[in-house]
Amino acid sequence: MAIKQEGVLTISEFPTTFTLEYPYTRTLGPVIGPFLTALRDGRILGIRCGSRVLCPPLEFDPDTGETLSPDFVEVGPAGCVEFWTWIAEPSRKHPFQEPFAFAQVKLDGADTAMTHAVKAAGPEAMSAGMRVKAQFREERTGAITDVYFVPEGDARDVAIAPGEGEVAISTHLISLTFEENLYPSRARYAQGLLDGKFIGQRSPVNGTVSIPGKGYDPLARVLMTEADDVELASTGTATSFTVITPIQYKGQTETEPYVSASIFLDGADQALSMQNIYSIPVDEFREGMRLRAIFKPAAERNVDNVDNSWMIFTTGNVIERWEPTGEPDVPPEEFPEQI
Amino acid sequence: MRDVAVVSFAQTKNVRRENRRNEVEMLIPVVQEAVEKSGVPKQEIGFYCSGSSDYLAGQSFSFVMAVDCLGAWPPIAESHVEMDGAWALYEAWIKIQCGEADSALIFSFGRSSPGVIRETLVLQLDPYTLAPLGADPVSLAALQARALLESTDHSEREMAEVAARNRSNAKNNPYAQLTGDFDVDELLAEPYFVSPLRKHDCAPISDGATAIVIAADDVARKASKKPAWIRGIDHRIESHQLGLRDLSQSTSTSLAGEKAGAIDIDVAELHAPFSHQELILRDALSLGDDVKINPSGGALAANSVMVAGLTRIGEAANAIWDGTARRALGHATSGPCLQQNLVCVLEGE
C-alpha cells in the first residue's frame, strides 16, 4: 500500500489500476442493420431461411453458409421462454442492476430462440414454456438493448414513434478494468525513482544491465532477483532523439517544440526512452550529448504512471530536468549497443 | 501422415492470484522443465507456438513479451494463437505434418486475476446481439445447464457428483488449485449462484501456465522412452448463436471425437469448466463408466484460461506415461457453452 510519511511516499506493494477502453464502431450490413432499425422502431424482425425463420436474423444459412436474401418477417412481440437462469447479483455490464433473468426466448413466428433479458419479480416467476412479451425502452438507439422481455401479463403499452433513417452503424464501448500490484522487480525500480535513484538489474550470466530490470534475462532465460539489482549513475549519453512539435488536440498540455530522447545511463545496456527535455533548446540538442538527471525534491516525486507494461517504461514524475554535464560529446561509434 | 508424439509436459501450480511473477517469470521454469524432460535438445526444437489472450491481463502484445521465455536467439520459428494452447498444439502438429519441423514446443499462459474474467470473456461474443447484454460465461453456461436438466435425465445431483469427484481426484494433483473431499448432499444444500448452477458447479478463477513438447517419428523415439503418440486430433466449431444449437448436446465434440478416433479410451481428460459440461462431453464422446474421467481433477480444480485445454492433453499424456492408460483422450473447449471443441487421442507404444 502507498503510505504518505512525512511528505515522502514509501511504497511496498504499488497497487496499479488500468482501464482499457475501445470505442468500437461497426457497420451493420444488410441484415443486422434492418434488424436494429426495426428494434428502434418497436418491431422485431426474423429472416426467412428455407422453411425456418431465424431470430436474431443472420446473413447466412447456418447449415450451408449460403447468403440469405433479406426476406424479413416480423416476429413476436410475444413468445415463449425455452430456458432461463436467474441473475441474483447483476454485474455492472448487465442490462439491469437489480435481479433479472437471462433466457432463451422463442418469439411467436420464429423457429430459433434469442438470448435476452427477462425482467420478472423473482426466480419463482420464471419457468420453461412461460409466455413473455417484448417491452421496448422509452429511449431507443438501434441496439439489442432497446428491448427486454417481461411476463406477458406485465407488458405495458409504449407509444413508439419510428425514428429517422436506417441504423447503419453500431457503437459499443468496451471497458475493462485491471487491478494488480507492480511486479516485484518493477516495484523496486519505482521505489528507486522515489528515492532519486535509477535501479536496474545486471544479468548474472552475461553482465548486461537493463533498466528497468525485467526480473529475468531474456537471452539467457534465467530469473533474476533483488540480489541482481544495481544502482546506475544519474549521468548518461543521449544516443537518439526527435523533436516533437505539439499538435493542439483535445487534452494536449504542450505548446512549444521539445526534445524526446533516448538516454543510455552510464553502465546500462538499454536506453531510457522517451525522456522529454525542455531545459535544453531544441536547436542545441545533439546525439552524443552528455546529460545528468536532476531529480525533483523528494516530496514532489511520484510514480503514478509507472505500471507493469512490458513495452513502454516511464520514469514516473521524478525528474526535474536533464542538464548537460559539460563533458565532450560521445562520438556515435562509441555508443553502447542496445540489448 | 507422420507419427507425432507428446514427449514432455510441465505446468505451474494454478493459483487464484499470481502477483509475485510476471508471465515470463512464470513461464521460464515451465518451458525449461518441458525442454529438459523432452530429451529434445533445445537448439533442435524446430517450431514454437503459444496460446494466450492479451485481454486477460490487459497487456498489449503480451504474446510477444512471452517470447522472452524461449531464449529467441539465434532467431526461432514462432507462432501464436489467441486461443487455448490446445489449438497452438494443433497448429504445431500441422506444421510437423507438413514436414516443416520435426519437433515443437507449445506453451500457454493465462493470468486472469488482474481483470474480471466474467466481463473479459463477454468480448468473445457476437458484438451486435450478445456482447451488449453483458452475457457473461457463467450466465450462458447456466442456460446450458438448464437446457440439459430440462431435456435429458441428468440431474443437479449428478452435477454435484461431478464437482465432488473432480476435486477429490485433484488431491493427488500438486498443480491443482481447488481440491478436497466434498459431500454431495451438503453441496446440494448450498444456494444457487446463477441458477441452476451453484458455486461448486463452476471452475475456480486461476492463474497458470503450461508447456508441452511434441516430436515426430525417430526424433520422438530417440528422445523419449515412452512417447504418447497422437493417434488422432480434430477440432470442430458450432454457431455463435446459442439459439441455433441444441445446448444439451455437443455436436462439435461428437464430430471431433469421431474424426480423432475416440474409441477404446481408458482415461479421458475433459476440459469442462462447469460440472454439467462434463456430463454433456461424456455423452458426446460415448464415454462409459469404465472410462476414468479427469484423474487430474480437470478444469473444476484449476482453470487458467487459455491454459486448461492444453493441460488436459498434458494430463492425458501423463496417464500414458504412468501406465494408467493405454489410450487416453485430451479435450479442450473454447467459446461460450462448449462452442468449439478439440479432441486429441493419445496412445502408448
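Just so you know, these numbers come straight off a predicted model, no measurement behind them. Quick note on labels: first sequence line is chain A, next is B, and so on, each numbered from 1.
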**Study point:** Under 4.5 Å from any heavy atom of chain A - which part of B:Glu150
**Key:** side chain

Point to revise | Contact summary for B:Ser139 and A:Thr85, nearest pair of heavy atoms | key: O-CG2, 3.6 Å

Review point. What part of B:Val64 gets closer than 4.5 Å to chain A, counting heavy atoms only: side chain, backbone, both or neither?
Key: both

Check your understanding: So what's closer than 4.5 Å to chain B heavy atoms on A:Met311: side chain, backbone, both or neither?
Key -> side chain

Review point. Is A:Glu89 atom CD crowded by more than 12 heavy atoms from other residues, nucleotides or ligands, each under 6.0 Å away?
Key: no

Point to revise | Whether B:Ser8 side chain and B:Ala34 backbone form a donor-acceptor pair below 3.5 Å | key: yes

Point to revise | Atom group of A:Lys106 that falls short of 4.5 Å from chain B, counting heavy atoms | key: neither

Review point. Relative to B:Phe193, does B:Lys199 satisfy both conditions: NZ or CZ under 6.0 angstrom from the six-membered ring centre, and within 45 degrees of the ring's axis?
Key: yes

Check your understanding: Checking salt bridge (Lys or Arg N to Asp or Glu O under 4.0 Å) against A:Glu180, which of B:Arg111, B:Arg21, B:Arg20, B:Arg17 comes through?
Key -> B:Arg111

Review point. Using a cut-off of under 4.5 Å for heavy-atom pairs, which of B:Asn22, B:Asp136, B:Leu149 has the most such pairs with chain A?
Key: B:Asn22

Check your understanding: Measuring heavy-atom distances to chain B, does A:Phe100 have an atom under 4.5 Å in its side chain, in its backbone, in both, or in neither?
Key -> neither

Check your understanding: When heavy-atom pairs shorter than 4.5 Å are enumerated against chain B, which of A:Leu223, A:Thr112, A:Val222 gives the highest number?
Key -> A:Leu223

Check your understanding: chain A heavy atoms under 4.5 Å from B:Tyr55: which part of the residue, side chain, backbone, both or neither?
Key -> both

**Study point:** Per-residue contact mode, A:Thr115 against chain B (heavy atom under 4.5 angstrom)
**Key:** both

**Study point:** Note: A:Asp111-A:Arg52 ion pair, threshold 4.0 Å (strictly below)
**Key:** no

Revision key, fill the gap. Applying a strict 4.5 Å limit to non-hydrogen atoms, the region of B:Leu123 in contact with chain A is side chain

Check your understanding: Of the listed residues (A:Ala113, A:Ser91, A:Ser185), which shares the most heavy-atom pairs with chain B below a 4.5 Å separation?
Key -> A:Ala113

Point to revise | Residue part contacting chain B, namely of A:Arg186, when any heavy atom lies under 4.5 Å | key: neither

Exercise for review: Go through the atoms of A:Asn308 and report whether side chain, backbone, both or neither lie under 4.5 Å from a heavy atom of chain B.
Suggested key: both

Point to revise | For chain A, the option from B:Gly115, B:Ser195, B:Ala142, B:Ala57 that forms the most heavy-atom pairs under 4.5 Å | key: B:Ser195

Review point. In terms of heavy-atom pairs under 4.5 Å, which option from B:Val67, B:Asn19, B:Leu242 contacts chain A the most?
Key: B:Leu242

Exercise for review: Let me know if A:Phe35 has heavy atoms under 4.5 Å from chain B in its side chain, its backbone, both or neither.
Suggested key: side chain

Exercise for review: Heavy-atom distances under 4.5 Å only: say whether A:Pro62 touches chain B with side chain, backbone, both or neither.
Suggested key: side chain

Practice item. Side chain from CB out, backbone as N, CA, C, O: work out which of these in A:Phe18 comes under 4.5 Å of a heavy atom of chain B, or both, or neither. Key: side chain

Review point. Would B:Ile237 and B:Ser252 count as a side chain to side chain contact (heavy atoms under 4.5 Å, CB included) if you check the C-alpha gap in whole Å, the side-chain angles of each, and the deciding distance to 0.1 Å?
Key: CA-CA 6 Å; B:Ile237 192 165; B:Ser252 52; 5.9 Å; no

Point to revise | Residue part contacting chain B, namely of A:Leu54, when any heavy atom lies under 4.5 Å | key: side chain

Point to revise | Test: A:Lys119 cationic atom under 6.0 Å from A:Phe96 six-membered ring centre, within 45° of axis | key: yes

Check your understanding: Which region of B:Leu197, side chain (C-beta onward) or backbone (N, CA, C, O), has a non-hydrogen atom less than 4.5 Å from a non-hydrogen atom of chain A, or is it both or neither?
Key -> neither

Exercise for review: Tell me, for B:Leu148 versus chain A, whether the close heavy atoms (under 4.5 Å) come from the side chain, the backbone, both or neither.
Suggested key: neither

Exercise for review: Below 4.5 Å from any heavy atom of chain B, which atoms of A:Tyr24 appear? Answer side chain, backbone, both or neither.
Suggested key: side chain

Exercise for review: Over all heavy atoms of both residues, which pair between B:Thr129 and A:Ile144 is shortest? Give the atoms and the distance, please.
Suggested key: O-CG1, 3.6 Å

Point to revise | Polar side chain donor-acceptor pair, A:Thr208 to A:Asp269, under 3.5 angstrom | key: no

**Study point:** Smallest separation among heavy atoms of B:Leu125 and B:Pro336, with atom names
**Key:** CD2-CG, 3.5 Å

Check your understanding: Any sub-3.5 Å donor-acceptor pair from A:Asn206's side-chain atoms to A:Ser203's backbone N or O?
Key -> no

Exercise for review: Report yes or no: do A:Thr16 and A:Asp307 form a side-chain donor-acceptor pair below 3.5 Å?
Suggested key: no

**Study point:** By salt bridge (Lys or Arg N to Asp or Glu O under 4.0 Å) - contacts of A:Asp229 (at least two apart)
**Key:** A:Arg188

Point to revise | Pair B:His240-B:Gln339, side-chain donor/acceptor within less than 3.5 Å | key: no

Review point. B:Val305 pairs by side-chain contact (heavy atoms from CB on, under 4.5 Å) with which of B:Pro137, B:Ser52, B:Ser108, B:Ser112?
Key: B:Ser112

Exercise for review: For chain A, find which of B:Pro29, B:Ala145, B:Pro196, B:Ser60 contributes the most heavy-atom pairs closer than 4.5 angstrom.
Suggested key: B:Ser60

Review point. Which atoms of B:Ser239 come close to chain A, meaning under 4.5 Å heavy atom to heavy atom: side chain ones, backbone ones, both, or neither?
Key: neither

Exercise for review: Taking atom types as modelled, find out whether A:Gln201 and A:Ser210 have a side-chain donor-acceptor pair closer than 3.5 angstrom.
Suggested key: no

Point to revise | A:Ala101 portion near chain B, given a 4.5 angstrom heavy-atom threshold | key: neither

Exercise for review: Name the option with the most non-hydrogen atom pairs under 4.5 Å to chain A; the candidates are B:Val116, B:Thr120, B:Asp126, B:Val122.
Suggested key: B:Thr120

Exercise for review: Go through the atoms of B:Ile28 and report whether side chain, backbone, both or neither lie under 4.5 Å from a heavy atom of chain A.
Suggested key: side chain

Review point. For A:His172, is it the side chain, the backbone, both, or neither that has a heavy atom closer than 4.5 Å to a heavy atom of chain B?
Key: side chain

Exercise for review: With a 4.5 Å cut-off on heavy-atom pairs, point out which of A:Leu58, A:Leu20, A:Leu36 contacts chain B the most.
Suggested key: A:Leu58

**Study point:** Segment of B:Gln241 engaging chain A (4.5 angstrom heavy-atom cut-off)
**Key:** side chain

